[in-house]
Amino acid sequence: MTPPPRPLRIGNASGFYGDRFDAVREMLTGGPLDVLTGDYLAELTMLILGRDRAKDPARGYATTFLRQLEDTLGLAMERGVRLVTNAGGLNPAGLADAIRALAQRLGIDCRVAHVEGDDLLGVRDWGPGVFAANAYLGGAGITACLRGGADVVVTGRVTDAALVTGPAAAHFGWAADDWDALAGAVVAGHILECGTQATGGNYAFFTEHDLRRPGFPLAEIHPDGSSVITKHPHTGGAVTVGTVTAQLLYETAGARYPGPDVTARLDSVRLAPDGPDRVRVHGVRGEAPPRTLKTGLTRLGGHRNEVVFVLTGLDIEAKAALVRDQMEGAMSKRRPAEVRWTLSRTDHSDAAVQEEASALLRLVVRDRDAAAVGRAISGAAVELALASYPGFHVTAPPGKGSPYGVFEAVDTPADTVPHTAVLPDGSRLTIPPAPTTPAVGGPVDELPDEPPLPPPLPPGPTRRAPLGAVAGARSGDKGGSANIGVWARNEDAWRWLAHTLTVDRLRELLPETAPLKIIRHPLPRLRALNFVVEGLLGEGVAAQARFDPQAKAVGEWLRSRHLDIPEVLL
């Protein structure tokens, strides 16, 4: 009897540009791997790399990855681990050349390939101020590079999950329309993409595990696309159904998770414990991908400035009114296009610590004209130092203002994007778009029917308590929108949550969302609800429109809100 093929072990060593520097070495030395991936790109990163490229056309890639390879490239080649990363950013060819030069300097035999074609900046006129336009490519170019013998594959903007679908398809020989297998790999890739968020990082029930230094995750991918999420032995953190559920809900929307390789059905995902620090992901179904590729446009939105006034002790509201009137008067001659005031009542009465007696009044101004938000604002704030409310001071010296970016996502026909694999021998291979079929249903937020919900809990005594006593949550950003994934830890809690946490109840609990469009997506197999709050983040993270510009803590805010919870759950 022929034994089943060994699963492909794919690890992650970076969830963002700035993640743990030593993670590459830790993953290469912590246990066996076949492929090591690194995700360095995000909407804010594209702004950073775009500004780097504007200063020097030879830049535009994540230099951290190159520095990480200084003492790990040889180790990876010795152990037969292939490296796949999107650290190429806006200049994948430049990073590939730099890696070849590094390998030559170190005397390492290393075949480097890269994927290009995502950069659409010069393809058409995207409008004023756009300095980066990148289509989100799938994993087929990575697959071609690995099949072409590459040891290292560098990409520009690909979907985060493509770093896993590409190697998996290359290893198992999947066809471009093996939807279920590809969808399984997409789900595994989505779980891995944010690094230690899958091993307990940023986890709602963080006190249950040792999170002082969580290990990075890996996935054991099987030929049918199912996987086991785990981590190297003797590393911190934990891999549980809860930590995996939390990451599955991160930055997603409804049942259909569309991508360039496949549309994964999140409502089909099944999770099961598979031993200590092991979670099996199976049952994932896939559908054809859309005919268009998401294309991220990054433009210069203008300039912004910020002053945070500290108000201490008594008469907080009156102090805020005074300084606001004074600043508004100073801005009367040339008022910035956008002026936003926020008073955060962080103060406590009769506080034993001065900081606990203080509230924060934040002024944020924006304008296309740098002068309108520069010295005109900072100078006016400084001039009030001896002429305003008692105890006047600010959290930091006012600055001259800084440029901010705006992110916008548009659709581009997939067959117009020149997806190209540049193989180690320099040959160029055109990657055709994934095969498509007529769209199933409609857009994610217009699915015709919700899945059936469980029966509600029978009536019984309740107690006022925070939602977080019975539910976890994780939130994140998608352009100007935010998602809030909320999940129950057992079936009874799910029966209560599914019928209690409606859109209207969410608006009550989070008043900031009240005027915005909210879409609720039930995911019963995960015992979860996923809410998309449109417009909560304004023009995206780079615009820094709110206190928590990436909505990272909105889920924890929700968990802290009190409501009547059945005593049987507490």
Q | For Thr295, side-chain contact (heavy atoms from CB on, under 4.5 Å) partners two or more places apart | A | Leu120, Trp126, Ala135, Leu297, Val410, Thr412
Q: Can you see which heavy atom on Ala471 is nearest to which on Val486, and at what distance?
A: CB-CG1, 4.0 Å
Q. Got a sec, which residues hit salt bridge (charged side-chain N to carboxylate O under 4.0 Å, His left out) with Arg51, two or more places apart in sequence or on another chain?
A. none
Q) Checking Asp548 side chain against Ala553 main chain: does a donor-acceptor pair fall under 3.5 Å? A) yes
Name the atoms and distances for all side-chain donor-acceptor pairs under 3.5 Å in residues 184-193, with sequence neighbours left out.
unit_1 : atom_1 : unit_2 : atom_2 : d
His190 : ND1    : Glu193 : OE1    : 3.2
His190 : ND1    : Tyr257 : OH     : 3.4
His190 : NE2    : Gln247 : O      : 3.1
His190 : NE2    : Leu248 : O      : 3.3
His190 : NE2    : Tyr250 : O      : 3.0

Q. Do Val281 and Leu271 have side chains that get closer than 4.5 Å, going by heavy atoms?
A. yes
Q: Specify the closest pair of heavy atoms between Pro336 and Met331, including all atoms of both residues, with the distance to one decimal.
A: CD-SD, 3.9 Å
Q) Are there more than 12 heavy atoms of other residues, nucleotides or ligands under 6.0 Å from atom CZ of Arg334? A) yes
(Q) Nearest 0.5 angstrom please: Leu537 CG to Phe407 CZ, how far? (A) 12.5 Å
Q.
Counting only heavy atoms not in Glu208 (residues, nucleotides, ligands), do more than 12 fall under 6.0 Å from its CD?
A. yes
(Q) Keeping Ser344 on the side-chain end and Thr346 on the backbone end, is there a donor-acceptor pair under 3.5 Å? (A) no
Q: Could you tell me which non-hydrogen atom of Asp347 sits nearest to which non-hydrogen atom of Ala359, and how far apart they are?
A: OD1-CB, 3.5 Å
Q | Counterpart residues, side chain to side chain donor-acceptor pair (under 3.5 Å), relative to Lys319 (two or more places apart) | A | none
Q | Student check: side-chain heavy atoms of Glu328 and Arg335 closer than 4.5 Å | A | yes
Q | Donor-acceptor contact present, side-chain Asp367 to main-chain Ala337, <3.5 Å | A | yes
(Q) With rounding to the nearest 0.5 angstrom, report the CG to OG1 distance, Asn530 to Thr252. (A) 4.0 Å
Q.
Please check this pair: side chain of Thr263 against backbone of Ala288, looking for a donor-acceptor N/O pair closer than 3.5 Å.
A. yes
Q: Report the residue from Thr513, Asn483, Val503 that forms a side chain to side chain contact (heavy atoms under 4.5 Å, CB included) with Val533.
A: Thr513
Q: Only counting residues at least two apart or in another chain, list the ones meeting salt bridge (charged side-chain N to carboxylate O under 4.0 Å, His left out) with Asp160.
A: Arg157
**Q.** Interatomic spacing from CG in Leu90 to CG in Leu41 - rounded to 0.5 Å
**A.** 8.0 Å
Q: Could you grab the distance from atom CG of Asp477 to atom NZ of Lys552, nearest 0.5 Å is fine?
A: 6.0 Å
Q) Can you check whether Tyr136's main-chain N or O pairs, donor with acceptor, with Asp118's side chain at less than 3.5 Å? A) no
Q | Pairs flagged by salt bridge (Lys or Arg N to Asp or Glu O under 4.0 Å) wherever residues 556-569 is involved - sequence neighbours left out | A | Arg464-Asp564, Glu556-Arg559
Q) Got a sec, which residues hit salt bridge (charged side-chain N to carboxylate O under 4.0 Å, His left out) with Arg285, two or more places apart in sequence or on another chain? A) Asp180
Q: Answer yes or no: is there a side-chain heavy-atom contact under 4.5 Å between Asn86 and Asp39?
A: yes
Q.
Tell me whether Arg366 forms a cation-pi arrangement with Tyr404, defined as NZ or CZ under 6.0 Å from the six-membered ring centre and within 45 degrees of its axis.
A. yes
(Q) List the residues meeting salt bridge (charged side-chain N to carboxylate O under 4.0 Å, His left out) with Glu356, not counting sequence neighbours, and say none if there are none. (A) none
(Q) With a sphere of 6.0 Å drawn around CG of Leu563, does it hold more than 12 non-hydrogen atoms of other residues, nucleotides or ligands? (A) yes
**Q.** Distance-minimising heavy-atom pair for Pro524 and Pro452
**A.** CG-O, 3.8 Å
Q: Please determine if Glu306 and Arg340 form a salt bridge, counting it only when a charged side-chain N lies under 4.0 Å from a carboxylate O.
A: no
Q.
If you compare all heavy atoms of Gly139 against all heavy atoms of Thr165, which two are closest, and at what distance to 0.1 Å?
A. CA-OG1, 3.8 Å
Q. Do you know which of Thr199, Thr235, Asp19 makes side chain to side chain contact (heavy atoms under 4.5 Å, CB included) with Phe216?
A. Asp19
**Q.** Inter- and intrachain pairs under ring-ring contact (aromatic ring centres under 6.0 Å, His included), touching residues 452-477, at least two apart
**A.** none
Q) Please walk me through it: do Arg324 and Glu317 pass salt bridge (charged side-chain N to carboxylate O under 4.0 Å, His left out)? A) CA-CA 10 Å; Arg324 180 169 177 168; Glu317 298 286 346; over 6 Å; no
Q) Donor-acceptor pair, Arg299 side chain versus Val130 backbone, under 3.5 Å? A) no
(Q) Donor-acceptor pair, distance only, cut-off 3.5 Å: does the side chain of Thr243 make one with the backbone of Gly200? (A) no
Q | Under the side-chain contact (heavy atoms from CB on, under 4.5 Å) test, residues paired with Leu361 that sit two or more places apart | A | Phe309, Leu311, Ala320, Val323, Trp341, Leu343
Q. Between Leu467 and Leu497, does a side-chain contact (heavy atoms from CB on, under 4.5 Å) hold up when you go through it step by step?
A. CA-CA 9 Å; Leu467 176 63; Leu497 182 72; 4.2 Å; yes
Q.
Tell me if a side-chain donor or acceptor on Ser14 pairs with a main-chain N or O of Tyr40 at a distance below 3.5 Å.
A. no
(Q) Are the side chains of Leu44 and Leu47 in contact, using a 4.5 Å heavy-atom criterion? (A) yes
Q. Are the side chain of Thr298 and the backbone of Met46 linked by a donor-acceptor contact shorter than 3.5 Å?
A. no
Q) Under 4.5 Å between any side-chain heavy atoms of Pro214 and Arg20, yes or no? A) yes
Q. Between atom CZ of Phe392 and atom CG of Leu384, what is the distance when rounded to the nearest 0.5 Å?
A. 5.0 Å
(Q) Ignoring hydrogens, what is the shortest heavy-atom contact between His562 and Ser560? Give both atom names and the distance. (A) CD2-O, 3.2 Å
Q | ring-ring contact (aromatic ring centres under 6.0 Å, His included) partners for Phe205, two or more places apart | A | Tyr203
**Q.** Pair listing, salt bridge (Lys or Arg N to Asp or Glu O under 4.0 Å) test, anchored in residues 490-506, at least two apart
**A.** Glu491-Arg527, Asp492-Arg495, Arg505-Glu508
Q.
Please report the interatomic distance CD(Gln197) to CG(Asn202), rounded to the nearest 0.5 Å.
A. 4.5 Å
Q: Answer yes or no: is there a side-chain heavy-atom contact under 4.5 Å between Thr45 and Phe16?
A: no
(Q) When you compare the side chain of Asn305 with that of Pro398, does any pair of heavy atoms fall below 4.5 Å? (A) no
Q: Could you check if a side-chain atom of Lys231 sits within less than 4.5 angstrom of a side-chain atom of Pro217, using non-hydrogen atoms only?
A: no
Q. Taking the side chain from Glu43 and the backbone from Gly479, do they hold a donor-acceptor pair closer than 3.5 Å?
A. yes
